[in-house]
K.L.:
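So that we are looking at the same thing, I have put the structure below in structure tokens.
Chain A is the first sequence line, chain B the second, and so forth, proteins listed ahead of strands; every chain is numbered from 1.
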Amino acid sequence: MNEQMMPGANSLQRAYRRTLLSRWLCLGVLTALVLASFISDLATGPAGLGWWDVARGLLQPGRLDAAQAVIILELRVPYALMALVVGASLGLAGAEMQTALNNPLASPFTLGVGAAATLGAALVILLRPNLGGLGADLLLPLAAFACAFLSCLLLLLVARLLGEALHTLVLFGIALLFGLNALVGLLQFLADADALQQIVFWTLGSLARADLQRVALVTLVFGLCLVLALRQAWALTSLRGGEEQARSLGIRVGWLRTAVLLRVSLLTGVATAFVGEVGFIGLVGPHVARLLLGEDHRFYLPGSALAGALLLSLASLASRALLPGVILPVGLVTAVVGVPLFIVLILARGRSA
Amino acid sequence: MSLHIEGLGLAYGDRRVLHALSLPSIQAGSLVAVLGPNGVGKSSLLRALAGLQPCQGQAALAGATLSGVPPWRQQARVAYLPQQLPQATSLLAYEALQAAARARCAHLGSDALAARVTAIVKQLGIEPLALQRMDRLSGGQRQLVGLAQALVGEPHLLLLDEPTSALDLHWQLRVLACVAARCRDAGAIALLACHDLNLALRFCDRVLLLAPNGDYRFGAPGEVLDAAWLRHAYAIEARIEQCSQGFPLVLADHPLISERIVHAEQL
């Protein structure tokens, strides 16, 4: 048998190092694509400011006129950054969820976490509660976050109760999704025209509420969760072999799953609090990363975050470029772009299997 | 080092699968076959020893309690190979082994871990599989990777639940020879649940035969496996004959249908 077919001890490690190198390269290419998309995103918009204007404006902010300064510094930069960090948060949350629940259909949105955030927002929009002078600006994201977090805790509780019958958790999540959607529908039915429009706007997902403080908060949560997730990367990789396998290797599967769902609730809660429902990123991002990088979680987790960031950044770009002069809600675009992409991925997987 | 099992019992609801199982102390280097019909408690016994299932009674390895101690507190002493094959994922076999090595020997540096992984790959002779994706491997090949995952921590006690169920004849013999070598050379103890009586006769130096009503028999393979006990445990008519090389062989003739019905009622 030749060397390629039957690598010896050292050549096995050498060959694996080549695999590692290609994975790093792949991550590098993804990062470059994210940067390219981010820059294009900055240079696109109804105001007609192009690459050159934006570059000059960022390098020499003093030389911008007032309108240009507002467009570049208060609209384009926070929008484009928010698209990146929200995409990355949702990609990471989806990846962790798919591994922890051992289901390729798991994502913050297919299991109702996004719908819960919408319910929270819709309640605030409809009831306009007056809590100690908290404005709707603050109350809306808080309510969205609280509901998303609660729905994740509910998933966690059910996961603990179910124990080994984990596949039913996804069914529970889907039931939760339908239930919450029905509640949102009821609120929409009861709402007046103005509130209805606001609720619909929220369910479509939009980057229009982005500002730099919010970007900083989402970035902080994302960074923290990524570091914590990478510390458990090997345990998560072991879990891909199967729950019983991981347990027998000494992985504390229940504890690991709790940690994952807590991170998912933070990531999803904070991300949806500011941009509303953005579907498909959490589902498709991990699938793209798995296809490119495999499932060694040292690469798969950052890869999913990068893929999520790329997808939402592209969607943000498309939301401004599709109709001249109009910024479409980004959640609408992710669904329009995400669904065909997802179908292509499924078909590709089906053929290879 | 020896393995003690004293009064071990466990039940699913009100269905008992093991009734106060007590065995003479099992010495280092022993390869023990755990035999018996479906549902008699072979897997449950292994899972209880691995600390994955609550049970009554006592089990201890070299004086340290096993029963009721979850795997994450048993360090690398005990390795359990589940009956289910590892999942078909896009993980490389090498990465699955690395993850297992990390989980089992967290104290080792990454060079030492890589050396462990390479050594077990070589020992089992699965070099051609190492850089393949798990979802491109056959069931039997994944079973070999699973076995390598169990062995990579160099455990003292190996609990293998049907480790050869998906393997062809060549690999059945190779895997058992590898496990036997680990017992002989490193003084490990292996408990091996399986359905192949002839494989057990060939490789194991002790046999635990579990019968449906809670009876069990433990001893050298030649003493434990006889026509009466095979009838009792498996509800089959069988003969034990010597092959041309002098090994005993079990030849199963036909099932005893009425007796199996009785067993089902006792369950």
K.L.:
Backbone N or O of R240(A) within a donor-acceptor pair of the Q87(B) side chain at under 3.5 Å?
P.N.:
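Such a contact is found between Q87(B) side chain and R240(A) backbone.
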
K.L.:
Are side-chain heavy atoms of Y80(B) and R247(A) found at a separation under 4.5 Å?
P.N.:
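Y80(B) vs R247(A): side chains apart.
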
K.L.:
Can you say whether A50(B) sits under 4.5 Å from chain A via the side chain, the backbone, both, or neither, judging by heavy atoms?
P.N.:
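No part of it gets close to chain A.
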
K.L.:
With respect to chain B, which residue among I251(A), N102(A), L293(A) yields the maximal number of heavy-atom pairs within a distance under 4.5 Å?
P.N.:
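Result: the option with the highest number of such pairs is N102(A).
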
K.L.:
Could you grab the distance from atom CD of Q149(B) to atom OG of S248(A), nearest 0.5 Å is fine?
P.N.:
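Spacing of CD (Q149(B)) from OG (S248(A)) equals 8.0 Å.
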
K.L.:
For residues L92(B) and D296(A), determine if any side-chain heavy atom of one lies less than 4.5 Å from a side-chain heavy atom of the other.
P.N.:
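With C-beta onward as the side chain, the pair stays apart.
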
K.L.:
Please flag which part of Q83(B) lies under 4.5 Å from any non-hydrogen atom of chain A: side chain, backbone, both or neither.
P.N.:
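Contact with chain A involves no heavy atom of Q83(B) at all.
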
K.L.:
Looking only at heavy atoms, which two atoms of A15(A) and L131(B) are closest? And how far apart?
P.N.:
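Heavy-atom minimum between the residues: CB-CD1, 3.2 Å.
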
K.L.:
Just verifying a value: how many Å separate L113(B) CG and W234(A) CH2, rounded to the nearest 0.5 Å?
P.N.:
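It comes to 8.5 Å.
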
K.L.:
For E95(B) and T237(A), does a side-chain donor sit closer than 3.5 Å to a side-chain acceptor?
P.N.:
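No pair is found: no donor N or O on one side chain lies under 3.5 Å from an acceptor on the other.
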
K.L.:
I need the Q13(A) CD to D111(B) CG distance, nearest 0.5 Å.
P.N.:
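Output value for this atom pair is 7.5 Å.
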
K.L.:
Rounded to the nearest 0.5 Å, how far does OH of Y94(B) lie from OG1 of T19(A)?
P.N.:
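Reported to 0.5 Å precision, the distance equals 9.5 Å.
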
K.L.:
Measuring heavy-atom distances to chain A, does A100(B) have an atom under 4.5 Å in its side chain, in its backbone, in both, or in neither?
P.N.:
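Contact with chain A: backbone and side chain both.
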
K.L.:
What's the separation between atom CG in L91(B) and atom OH in Y300(A), rounded to the nearest 0.5 Å?
P.N.:
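Spacing of CG (L91(B)) from OH (Y300(A)) equals 11.5 Å.
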
K.L.:
Rounded to the nearest 0.5 Å, what's the gap from OG on S90(B) to CD on E295(A)? Could you check?
P.N.:
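The distance works out to 3.5 Å.
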
K.L.:
Side chain, backbone, both or neither: which part of V121(B) has an atom under 4.5 Å from a heavy atom of chain A?
P.N.:
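Only the side chain of V121(B) comes within 4.5 Å of chain A.
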
K.L.:
Which heavy atom in E244(A) sits nearest to a heavy atom in P82(B), and how many Å separate them?
P.N.:
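Smallest interatomic distance, heavy atoms only, reads CG-CB, 3.4 Å.
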
K.L.:
For Q84(B), is there any backbone N or O sitting under 3.5 Å from a side-chain donor or acceptor partner on Q245(A)?
P.N.:
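Indeed, once roles are kept as given, a pair shorter than 3.5 Å links the two residues.
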
K.L.:
Should we count CD of Q27(B) as having more than 12 external heavy atoms under 6.0 Å?
P.N.:
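Atom CD in Q27(B) is crowded, with more than 12 foreign heavy atoms closer than 6.0 Å.
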
